[in-house]
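Encoded as structure tokens, the structure appears first; notes follow it.
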Amino acid sequence: MSGASFAPVPLQQDSDTVLLPERVADLTGLGELGVAGELVAAFIAAFFVGNLMLAMTGVAGPWAKRKITAAFTDRIAVNRVGPFGLFIIVADAVRLLSKELIIPENADRPAYDLAPIVVAGSAMLGFAVIPMGSGIQLADPEIGLAYVFAVSGIASVGLVMAGYSSSNKYSLLGGLRAVAQNIAYEIPLVVTGMSVVIFTGTLQLGGIVEAQTEPLITLGGFAIPAWYAFVNPFAFGLFLVANFAEVGRNPFDTPEAPTEIVAGYQTEYSSVYFVLIYLGEFLHIFLGGAVIATLFLGGPAGPGPAALGIVWFLVKIWAVFLLTQWLRSALPRVRIDQMIEIGWKGMLVLSFANLVLTALIVGMIA
């Protein structure tokens, strides 16, 4: 592949800062209706992005997860219901949603009812500022990265609510473990993300993507893009590990480890409530993949025309999802004390060291 053939896809190649709600308003004529029309256009755009993510989650949870795990462990996954077992998605949806919703006798109902919504909703809010390419971005605020970290962290509140309100000691223990894990790894996650901000000089996700559009180096006609995974691979590795801990993937899935605490914070949930928590888990995996792609992999950058930006972006998200399933099949989980120790004594120190070194390097270059 020559340097000329690999052209990172600009975020909005044709219309600069035109966001998806504005595009919808122009195409449908809703912009002429004033504020009401703009609100409707924004709803349509959010509906499209939300359903795109939900569709990916619907494929990943019931089907892709089983297929990938079976491939890694040399087993046969779902293959009876529909071609390649794809109709298991519909079968699982009907099965789970038709189950009786059982509420524990001493449950704290407001917290019990709201917890699944908080877990799933916090991930959906994060996609509002992610630049997906091909002009698909709902908003691009100046504090975009801080916003993503803030809303995704709300999930910790939902997990504590689920554990506390279930009136189950195993659920409570799972909720406490979840918040202890999230605190231990969220700080290294944010600090490592700040090293990218030092390079770019902005928290705006569109600006971070734009900063990675230039080639880093050209060797023998092959252009290596200036993605921060290549510029600072150490930070990329730290962010990956911290992200896996944040989304509760192996070896960091102790808060819901069935061999230790049944199913942790989700033990007492059934029917649609369990579906929401399960959905939220995979939405957070995809949100983590979206943030990784945006900060370190050039966002929607890839060979070909700008229209393929969304395709490359989704490929990168699914690559991160594939990695999480690989680790799930390959690595044993660590004990809760080991996991917390890795976060506070290892990841935290390394993330601050990376931040200081990045600042020194950027300062000397400047």
Side-chain angles (χ1 to χ4, degrees), residues 10-12 15-23 38-39 41-43 45-46 49-50 53 118-133 135-158 182-183 185-213 226-229 231-232 235-236 238-239 242-243 246-247 283-284 286-301 309 313 316-317 348 351-352 354-356 358-359 362-363 366:
L11 177 59
Q12 280 100 16
S15 48
D16 296 329
T17 58
V18 178
L19 301 173
L20 185 58
E22 297 171 357
R23 290 172 180 261
E38 293 175 0
L39 288 175
F43 175 81
V49 172
M53 295 301 111
V118 172
V119 173
S122 61
M124 293 296 290
L125 289 173
F127 288 106
V129 297
I130 298 293
M132 302 182 185
I136 301 176
Q137 186 179 12
L138 297 179
D140 194 17
E142 295 182 358
I143 57 168
L145 184 58
Y147 168 85
V148 172
F149 285 141
V151 296
S152 62
I154 297 175
S156 300
V157 179
N182 287 353
I183 293 174
Y185 286 90
E186 191 163 2
I187 298 175
L189 189 75
V190 173
V191 172
T192 305
M194 288 304 103
S195 67
V196 174
V197 174
I198 291 177
F199 274 115
T200 61
T202 179
L203 287 166
Q204 195 169 17
L205 295 182
I208 293 174
V209 169
E210 196 67 30
Q212 301 176 69
T213 56
W227 298 351
Y228 291 118
V231 175
N232 191 352
F236 179 55
L238 285 176
F239 200 90
N243 176 72
E246 277 292 291
V247 300
L283 281 172
H284 278 281
F286 283 125
L287 178 60
V291 175
I292 289 170
T294 301
L295 295 185
F296 293 97
L297 301 177
F313 187 77
K316 293 170 186 178
I317 292 180
L348 185 64
S351 62
F352 273 107
N354 169 72
L355 184 69
V356 172
T358 302
V362 172

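Remember, it's a predicted structure, so these values are computed and weren't measured experimentally.
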Which heavy-atom pair separates [X] from [Y] by the least distance, and what is that distance?
X: P21; Y: A42; answer: CB-CA, 3.9 Å
X: S152; Y: L287; answer: CB-CD2, 4.0 Å
X: P141; Y: V129; answer: CD-CG1, 3.5 Å
X: V191; Y: S351; answer: CG1-O, 3.5 Å
X: A46; Y: L138; answer: N-CD2, 3.7 Å
X: N182; Y: S156; answer: ND2-OG, 2.6 Å

Distance (rounded to the nearest 0.5 Å) between [X] [atom1] and [Y] [atom2]:
X: L295; Y: N232; atom1: CG; atom2: CG; result: 12.0 Å
X: S195; Y: F296; atom1: OG; atom2: CZ; result: 5.5 Å
X: N243; Y: L238; atom1: CG; atom2: CG; result: 12.5 Å
X: T192; Y: I187; atom1: OG1; atom2: CD1; result: 11.5 Å
X: Y147; Y: Q204; atom1: OH; atom2: CD; result: 14.5 Å
X: L203; Y: F149; atom1: CG; atom2: CZ; result: 9.5 Å

Going by heavy atoms in the side chains, are [X] and [Y] under 4.5 Å from each other?
X: L355; Y: M194; result: yes
X: L145; Y: V190; result: no
X: M124; Y: L283; result: yes
X: V231; Y: F236; result: no

Taking the ring of F199 and the ring of Y228, is the distance between their centroids below 6.0 Å? yes
query = Counting only heavy atoms not in L39, do more than 12 fall under 6.0 Å of its CG?
reply = yes
Report the C-alpha separation of E210 and T200 in whole Å, then their side-chain angles, then the decisive distance to 0.1 Å, and conclude whether the side chain to side chain contact (heavy atoms under 4.5 Å, CB included) test is met. CA-CA 9 Å; E210 196 67 30; T200 61; over 6 Å; no
Can a donor-acceptor pair be found, under 3.5 Å and without considering hydrogens, that links the side chain of [X] to the backbone of [Y]?
X: H284; Y: V119; value: yes
X: K316; Y: A301; value: yes
X: Q212; Y: G298; value: yes

From the list L297, I130, I136, side chain to side chain contact (heavy atoms under 4.5 Å, CB included) partner of F313 resolves to I130
Discussion item. Apply side chain to side chain contact (heavy atoms under 4.5 Å, CB included) to residues F239 and V291 and explain how you reach the verdict.
Written reply: CA-CA 10 Å; F239 200 90; V291 175; 3.7 Å; yes
*Hey, are Q137 and D140 close enough side-chain-wise for a donor-acceptor pair under 3.5 Å?*
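Note: D140 and Q137 side chains meet the donor-acceptor criterion.
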- Task: Apply side chain to side chain contact (heavy atoms under 4.5 Å, CB included) to the pair V148 and L205, showing each step before the final yes or no.
- Result: CA-CA 10 Å; V148 172; L205 295 182; 4.1 Å; yes
Apply side chain to side chain contact (heavy atoms under 4.5 Å, CB included) to residues I154 and V118 and explain how you reach the verdict.
CA-CA 7 Å; I154 297 175; V118 172; 3.7 Å; yes
